[in-house]
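Following: one structure in structure tokens, then a few remarks.
Throughout, a chain's letter reflects where its sequence line sits, starting with A, and its residues are numbered from 1. Side chains are part of it too, since the values below use all heavy atoms of this structure and drop only hydrogens, waters and symmetry mates.
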Protein chains: 4
Amino acid sequence: MTAIKNEGRDGRRQRRIARRRQEILAAAARVFAAKGYANSTTREIANEADVAEGTLYNYFGNKREMLLAMAEQTETPLETAIMAVSRQDDRAAVIELFEAAFDFSETQIPFLRALLSEAWVDDELLELFLSTRLAHIEEQLRNYVSERISAGAFRVFDPILGARAVMGMYFGLMLPVIRGVAPLPSIEERRTLAETLADILLDGVRAREEN
Amino acid sequence: MTAIKNEGRDGRRQRRIARRRQEILAAAARVFAAKGYANSTTREIANEADVAEGTLYNYFGNKREMLLAMAEQTETPLETAIMAVSRQDDRAAVIELFEAAFDFSETQIPFLRALLSEAWVDDELLELFLSTRLAHIEEQLRNYVSERISAGAFRVFDPILGARAVMGMYFGLMLPVIRGVAPLPSIEERRTLAETLADILLDGVRAREEN
Amino acid sequence: MTAIKNEGRDGRRQRRIARRRQEILAAAARVFAAKGYANSTTREIANEADVAEGTLYNYFGNKREMLLAMAEQTETPLETAIMAVSRQDDRAAVIELFEAAFDFSETQIPFLRALLSEAWVDDELLELFLSTRLAHIEEQLRNYVSERISAGAFRVFDPILGARAVMGMYFGLMLPVIRGVAPLPSIEERRTLAETLADILLDGVRAREEN
Amino acid sequence: MTAIKNEGRDGRRQRRIARRRQEILAAAARVFAAKGYANSTTREIANEADVAEGTLYNYFGNKREMLLAMAEQTETPLETAIMAVSRQDDRAAVIELFEAAFDFSETQIPFLRALLSEAWVDDELLELFLSTRLAHIEEQLRNYVSERISAGAFRVFDPILGARAVMGMYFGLMLPVIRGVAPLPSIEERRTLAETLADILLDGVRAREEN
DNA sequence: AATGAATGAGATTTCATTCAT
DNA sequence: CATGAATGAAATCTCATTCAT
């Protein structure tokens, strides 16, 4: 019985610790996002998280570990989206992909912004946070494209470039949002966005000649 | 005669100073590119430029001024490319644009990498280096798209998204190169790249139905 | 009870912090006094205060703030003396004034020396530390002199110059002490000093003609 | 003949060098006076003197030598005055002394201000510039006072304190002028000043009792 | 666990002095 | 002699991390 009670108490304690860790991480993300990792001080993070500086070190070994913890727990929205895409006709699938990829929340932005910032400069973080994920995304897209080409549904072209084109279209719209210079699109805007991009991607911008 | 001699001497001196300034700036760009502005020390810059630390301050008021000097003198390749594009048929024009936009040199990369890195975090730099330029590029593209839609050559769609799609395709390929995780494409690769992107953009990836 | 305990702890903490601040300030005063503000390094101050350099900045925002903190808390002895002088017959009052004005301690000297040093060169400090105080002292003296002239007790002469003469006599004796080239007078010496100065001031050096 | 010509040329050269040295010294005095020795940079001195930084070192071994050169060539006005005082009746002599002591020019002020500033902090300079001179002045005054006491013209009192009182009265008026917070008195003001001080010194401020 | 004062390594910047031209 | 760019030692200040409470 004591054991059970302890389990209950320990469980609560574990959860409290985990929650506090998350709060600190979110605070750190906000600070990193605003000023960049290197320009952020542990004092600012502590203030933002409303704890003492020393407390940070009860949850993370050092400042960098906060960044790595973020990298591990933050998913890129495109990654999430691509896993979930259902197989339908091409247009519906692509629209679904783009639409889902734009579905990320206000609270995710600081994490993404902080991580992208550092990944631009820090090879280890690039690897940990981005490279493998992007490689995975690119592979999925490449496979899809290859398969559609084989099926005769797509023209014959380099599937790698095709995958990159899709990703580029997406990042071109997402980066300003994450950087904070463009607003997060609303649900309706996301739909329109996705449709337009899908049409451009699938059929191009050029008018079809009637015949 | 003395005047002439002095002019010659002063001219040489002016050039020597300008050259040294450029050397320091290039060294700073390499260091900033490798580690990010905030993680770079003036000591490293001085070492890289092979001068004493104090010497840096004979050419720049402070570390940040180096960054700003870079921002002022560095052009984004897409910007340069878009100014030079000649008006031909659409496919030729788009290919020419992409191809030119990829024509940047090994020495430009550190500057671009350093500036993009900081612009991600530093609003003043974003404004100074990127925002106005990108706005200009986007405007050019938008106008082009609008005009082609009016002419009936392009389908009807949001010209802003069209411009963004072009820029996204481009940045999706360029950013890894600037980040240093993809190689600078050779001239031949640039050609192929440009053709494929142009075709995807103009006609889409979907196979045309024969009729 | 916890609240009370906390109050006790916080109070102790507050006092410890205040005490440490004072220690640092005294150390800084000694260093500034010995070498002048501009020639003193934070390293020397830290050594003198027996703390790490960084610790200084937990108590003062920067080196200059130490100086300003000194200026705010240090009184000029003449100022203190003039507030305390009791109204008696003129000779007793003047003696009391001079005697009290020389009553400053060994520990005050570094503060005075440091502040006078910088005030000679730094307009802000001159204003903050000296000007207003001296103006106040001068006003008090001027009023006293004017009143005694009106009462027919003093000859008719410019009260401003009278006030200045008193201050000059005082500073002429005090400055070498603060500068460290004359010893701090003992209590007995102070008495003799004050009497002689008072007699010179009141009756002059010239022998009275008997009649 | 060549020798003679050389002498003429050398003489001119010597004078030119001496003149330039003086110009630099005056420039340095102005800069030191404005910001204090330690806060003045050789660059500012060079600018003020309208020469290159390197040129300074053709005339002075280092920055400090400029200060020492100033100390050697600058006389304290009181010193000059005391040497020139003619022996007349006491009142005339004292008036003459004070009046002459206030006769210093606008160009002397920077030198005095610079030197007093540093002498407050720098023992070597104190010795070189002030101590010996003040000791000399004090001795002259002391002797004068002693002699007048012996002659029965002055009351009996400590001649040292008498000398100090005179010097104090003088410095109390002069220091604000040198510091730059009081204007240099005009010739007429000097006369009135000297008379008032002389009367206070000789006969005191107290009204004589009629009898 | 939480706290926050103390630490000291390291960063940026200044500036007296040198020396090649 | 004049010049002024180069130098590098030294100064101020910041901040991640530690540790006694």
Side-chain angles (χ1 to χ4, degrees), chain A residues 13 16-17 20-21 24 38-47 49-66, chain B residues 6 9-10 12-13 16-17 20-21 24 38-46 49-66, chain C residues 6 9-10 12-13 16-17 20-21 24 38-46 49-66, chain D residues 13 16-17 20 38-47 49-66:
Chain A
R13 195 169 139 275
R16 205 186 59 220
I17 290 177
R20 180 63 71 95
R21 210 181 123 99
I24 291 176
N39 293 313
S40 303
T41 67
T42 50
R43 176 184 300 237
E44 287 168 312
I45 298 168
N47 280 346
D50 206 34
V51 298
E53 276 188 76
T55 303
L56 302 179
Y57 290 84
N58 289 331
Y59 293 89
F60 300 94
N62 53 44
K63 191 182 160 194
R64 182 151 222 276
E65 262 189 26
M66 298 183 201
Chain B
N6 279 346
R9 202 168 53 194
D10 282 11
R12 236 176 298 130
R13 196 171 135 271
R16 206 187 55 221
I17 289 176
R20 179 63 71 97
R21 210 182 124 98
I24 290 176
N39 293 312
S40 304
T41 68
T42 50
R43 176 185 297 246
E44 287 168 313
I45 298 169
D50 206 33
V51 297
E53 274 189 73
T55 302
L56 302 179
Y57 292 85
N58 289 334
Y59 293 89
F60 301 94
N62 51 47
K63 190 182 160 193
R64 183 150 224 275
E65 258 190 30
M66 298 183 200
Chain C
N6 279 346
R9 201 167 55 194
D10 282 12
R12 236 176 299 129
R13 196 172 134 272
R16 206 187 56 220
I17 289 177
R20 181 62 74 96
R21 210 182 124 98
I24 291 176
N39 292 313
S40 304
T41 68
T42 50
R43 175 186 299 246
E44 286 167 313
I45 297 169
D50 206 33
V51 297
E53 274 188 73
T55 302
L56 302 180
Y57 293 86
N58 288 335
Y59 293 89
F60 299 94
N62 53 45
K63 190 182 160 194
R64 182 149 224 275
E65 258 190 30
M66 297 184 200
Chain D
R13 196 169 139 276
R16 207 186 57 221
I17 290 177
R20 180 63 72 96
N39 293 314
S40 303
T41 66
T42 50
R43 176 184 298 237
E44 286 168 312
I45 298 168
N47 280 347
D50 207 33
V51 298
E53 276 188 77
T55 304
L56 301 179
Y57 290 84
N58 290 330
Y59 293 90
F60 300 94
N62 53 45
K63 192 183 161 193
R64 181 149 223 277
E65 265 190 23
M66 298 183 202

Worksheet item: When we call it a touch if two heavy atoms are under 4.0 Å apart, what does A/R20 touch: a base, just sugar-phosphate, or nothing?
Response: sugar-phosphate
Fill in: Spacing between B/R12 atom CZ and F/dA5 atom P, to the nearest angstrom
15 Å
Practice prompt. May I have the step-by-step check of side-chain contact (heavy atoms from CB on, under 4.5 Å) for A/M66 and A/L56, ending in yes or no?
Written response: CA-CA 9 Å; A/M66 298 183 201; A/L56 302 179; 3.9 Å; yes
Practice prompt. May I ask you to evaluate whether A/T42 reaches the phosphate of F/dC15, defined as a side-chain N or O under 4.0 Å from OP1 or OP2?
Written response: no
Worksheet item: Is any side-chain nitrogen or oxygen of D/Y59 closer than 4.0 Å to OP1 or OP2 of F/dA2?
Response: yes
Item to complete: Answer yes or no: does a side-chain N or O of A/N58 lie under 4.0 Å from OP1 or OP2 of E/dA1?
Response: no
Worksheet entry | Phosphate OP1/OP2 of F/dT3: any B/R13 side-chain N/O under 4.0 Å | no
Worksheet item: Starting at NZ of B/K63 and ending at P of E/dA11, how long is that distance when rounded to a whole Å?
Response: 9 Å
Worksheet item: How many Å lie between CG on D/N39 and P on E/dA16, as a whole number?
Response: 10 Å
Item to complete: Could you tell me the separation between the CG atom of A/L56 and the P atom of F/dT18, rounded to a whole number of Å?
Response: 12 Å
Practice prompt. Could you pick out which residue, C/G54 or D/G61, lies toward the 5' side of DNA chain E when each is mapped onto its nearest nucleotide?
Written response: C/G54
Worksheet entry | Short side-chain N/O contact to E/dA1 OP1/OP2 from A/T55, under 4.0 Å | no
Practice prompt. Could you check how far CZ of A/F60 sits from C1' of F/dT18, rounded to whole Å?
Written response: 18 Å
Practice prompt. To the nearest Å, give me how far apart CG (B/N62) and P (E/dT12) are.
Written response: 11 Å
Discussion item. To the closest 0.5 Å, what do you measure between CZ (A/R21) and CZ (A/R16)?
Written reply: 15.5 Å
Worksheet item: Between atom CD in C/E53 and atom P in F/dC15, what is the gap in whole Å?
Response: 16 Å
Worksheet item: Where the side chain of C/I17 is concerned, which of F/dA16, F/dA6, E/dA5 is the nearest nucleotide?
Response: E/dA5
Worksheet item: Does C/Y57 have a side-chain nitrogen or oxygen under 4.0 Å from the phosphate oxygens OP1 or OP2 of F/dT14?
Response: no
Worksheet item: In Å and rounded to the nearest 0.5 Å, what is the OG1 to CG distance from D/T55 to D/D50?
Response: 10.5 Å
Item to complete: Respond yes when some side-chain nitrogen or oxygen of D/R43 is under 4.0 Å from OP1 or OP2 of E/dT14, and no when none is.
Response: no
Worksheet item: At their closest point, which heavy atom of B/T42 faces which heavy atom of B/Y57, and how far apart are they?
Response: CG2-OH, 3.5 Å
Fill in: Atom of A/S40, atom of A/K63 and distance for their closest heavy-atom approach
O-NZ, 2.8 Å
Worksheet entry | Closest nucleotide among F/dG8, F/dT17, F/dA5 to the B/A52 side chain | F/dG8
Worksheet item: Does F/dA20 pair with anything, Watson-Crick or G-U wobble, both distances under 3.5 Å, and if so, with which nucleotide?
Response: E/dT3
Worksheet, complete the sentence: When B/V51 and A/T41 are each assigned the nearest nucleotide of DNA chain F, the 5'-most assignment goes to B/V51
